[in-house]
There are 2 protein chains.
Amino acid sequence: MASASSTTRERLSRETLAAGALALADREGLEAVTIRRLATDKSVTPMALYWHFKDKDAVLDGIAEQIFDSVVLPEPSTGDWDEQLREVLDAVLAAIRPHPLAADLLAPRVMKSVAGLVLAERVIGMLRRAGFSPQQASQTASFLLCSIVTLVTSEPGKQTNLTAEDQENLDRGKRAQLASLDPKLFPSLLESAEFFLYCDDEDTYFARGMDFLVDGTRGVRPS
Amino acid sequence: MASASSTTRERLSRETLAAGALALADREGLEAVTIRRLATDKSVTPMALYWHFKDKDAVLDGIAEQIFDSVVLPEPSTGDWDEQLREVLDAVLAAIRPHPLAADLLAPRVMKSVAGLVLAERVIGMLRRAGFSPQQASQTASFLLCSIVTLVTSEPGKQTNLTAEDQENLDRGKRAQLASLDPKLFPSLLESAEFFLYCDDEDTYFARGMDFLVDGTRGVRPS
DNA sequence: ACCTGAACACCGTTCAAGT
DNA sequence: ACCTGAACACCGTTCAAGT
């Protein structure tokens, strides 16, 4: 009977659809996230999604929301303001790192999920207590989130979702293009050529990024 | 006769098409930049564009190239490395600021135009002389460019291209959403609410952003 | 060299209708 | 409440053909 069929489709829900969308983005990139693709993946008609989401942008909101939900904010510590900032930024980075292909959705959507709001409140509050004005605090907080996204999305070698051989071909092409440059005109570029293609130590890459952000924040801190 | 007609179409060229594409992006955003739209704007068939550009991505490359071309790099000065860095970053910012709706194209395309390569060489060279390793120099340079783009694209109130009234409606909605938050839970967010919607002084906003970037770079500088 | 015409395989979305 | 069918207005792109 129908109930025994292994292909019976379970009911759709906002949550399972959003989870499917995030998984798809992680595997194939944001361009692959389309209403029609999502529908066929769930063996359903495209229009079925419109019951659960207002439009495609709401689906993307759902992806972002899941990532914000995965941020585990540390307990407020007793350290200096810059140590506390570092701990929170580390938590955000940890949540975003698994999703380099979806991270671009986050910055414009902080205010559209409660987890995003909680995160923003946390960072802005910390900056306020560190002496920032409301305006500076909100601007700095938003810049910090954007920067973490930038670190994740522009890590050398991580911006793509190709097969190993396609990746190799693309790398070979870039290497050739760089190698064809005049060494008199582009000495530093040629010297660093390899490091545009891959990142040999991700952890120190991100650690340095975090150092940069905390130092930068210290630099613009009033008085 | 036809030669006297004011509507005679002049010959297409890669340059005029790319200029039209940039102007369109500036006016209506990147989503408006489509092969078909560009074609009808130039009173031509969509397929005509494929003579001048390999595909749509090449059109976007053309937009990015124009912005990179508009960067006027300062003469190498005799100041400290951080002063020189600041001067170059200011030049990049000045070139990107007029194009908030197209700026997202830049970061992945630095290596695809000569102006981009020249810019990258300049920054990486400066960082090398300041003591950065080739790897750190290239990573920092790429992060700096991304950050300038971030400053421009995420300036409060500038992420959109709506009519004045649509903008007001949207702002009213956001204000209402923020105002509905629990003041016990989101005190700092409510305090800064206005500053998510507009930026009262763009110049100091950008100046502080540049301070942040130079201080951050100082912070991660070796030894 | 430069452009057109017709066609294909995709999109998001609306609206009425089914259960 | 939840999903389908048919239709519309868009995309990018290929391929053969015109001048």
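Proteins come first, then strands; the chains are lettered A, B, ... in the order of their sequence lines, and each starts at number 1.
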Salt-bridge contact [X]-[Y] (side-chain N to carboxylate O under 4.0 Å):
| X | Y | value |
| --- | --- | --- |
| Asp57(A) | Arg109(A) | yes |
| Arg97(A) | Asp203(A) | yes |
| Lys54(A) | Asp61(A) | no |

Examine distances only and state if a side-chain atom of [X] and a backbone atom of [Y] form a donor-acceptor pair shorter than 3.5 Å.
| X | Y | result |
| --- | --- | --- |
| Thr45(B) | Met47(B) | no |
| Thr16(B) | Leu12(B) | no |
| Ser192(A) | Phe195(A) | no |
| Glu155(A) | Tyr205(A) | no |

May I ask you to test the [X]-[Y] pair for a side-chain heavy-atom distance under 4.5 Å?
| X | Y | answer |
| --- | --- | --- |
| Cys199(B) | Gln139(A) | yes |
| Arg122(A) | Val92(A) | no |
| Leu185(B) | Glu121(A) | no |

Query raised in the report: Taking atom types as modelled, is there a side-chain donor on Gln135(B) or Asp200(A) under 3.5 Å from an acceptor on the other?
Result: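 On atom types as modelled, these side chains qualify, holding a pair under 3.5 Å.
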Requested in this report: Please list, chain by chain and in numerical order, all residues satisfying ring pair (Phe, Tyr, Trp, His ring centres under 6.0 Å) with Phe68(B), sequence neighbours excluded.
Outcome: none
Report task. Please work out which residues in residues 11-18 of chain B have a non-hydrogen atom less than 4.0 Å from an atom of DNA chain C and list them by number. Result ->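 Within this stretch, Arg11(B), Leu12(B) sit under 4.0 Å of the strand.
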Requested in this report: Give, ordered by number, those residues of residues 25-36 of chain A having at least one heavy-atom distance below 4.0 Å to an atom of DNA chain C; if nothing qualifies, reply none.
Outcome: Thr34(A), Ile35(A), Arg36(A)
Requested in this report: Kindly compute the distance separating CG (Leu105(A)) from CG (Leu60(A)), expressed to the nearest 0.5 Å.
Outcome: 5.5 Å
Query raised in the report: In Å and rounded to the nearest 0.5 Å, what is the CG to CD distance from Leu178(A) to Glu191(A)?
Result: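 With rounding to 0.5 Å, CG (Leu178(A)) is 13.0 Å from CD (Glu191(A)).
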Query raised in the report: When you list every nucleotide of DNA chain C with an atom under 4.0 Å from a heavy atom of chain B, which one comes first 5' to 3', and which comes last?
Result: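 Using the under 4.0 Å cut-off, the span is dA1(C) to dA6(C).
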Report task. Please work out which residues in residues 48-64 of chain A have a non-hydrogen atom less than 4.0 Å from an atom of DNA chain D and list them by number. Result ->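 Residues of residues 48-64 of chain A under 4.0 Å from DNA chain D: Ala48(A), Trp51(A), His52(A).
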Requested in this report: Could you run through DNA chain C and flag its stems, i.e. three or more consecutive Watson-Crick or G-U pairs with both distances under 3.5 Å?
Outcome: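 If one scans DNA chain C for consecutive Watson-Crick or G-U pairs, the stems found are C:4-8 with D:12-16, C:12-16 with D:4-8.
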Query raised in the report: Which atom pair, heavy atoms only, marks the closest approach of Pro100(B) to Val152(B)?
Result: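 Minimum heavy-atom separation between Pro100(B) and Val152(B): CA-CG1, 3.7 Å.
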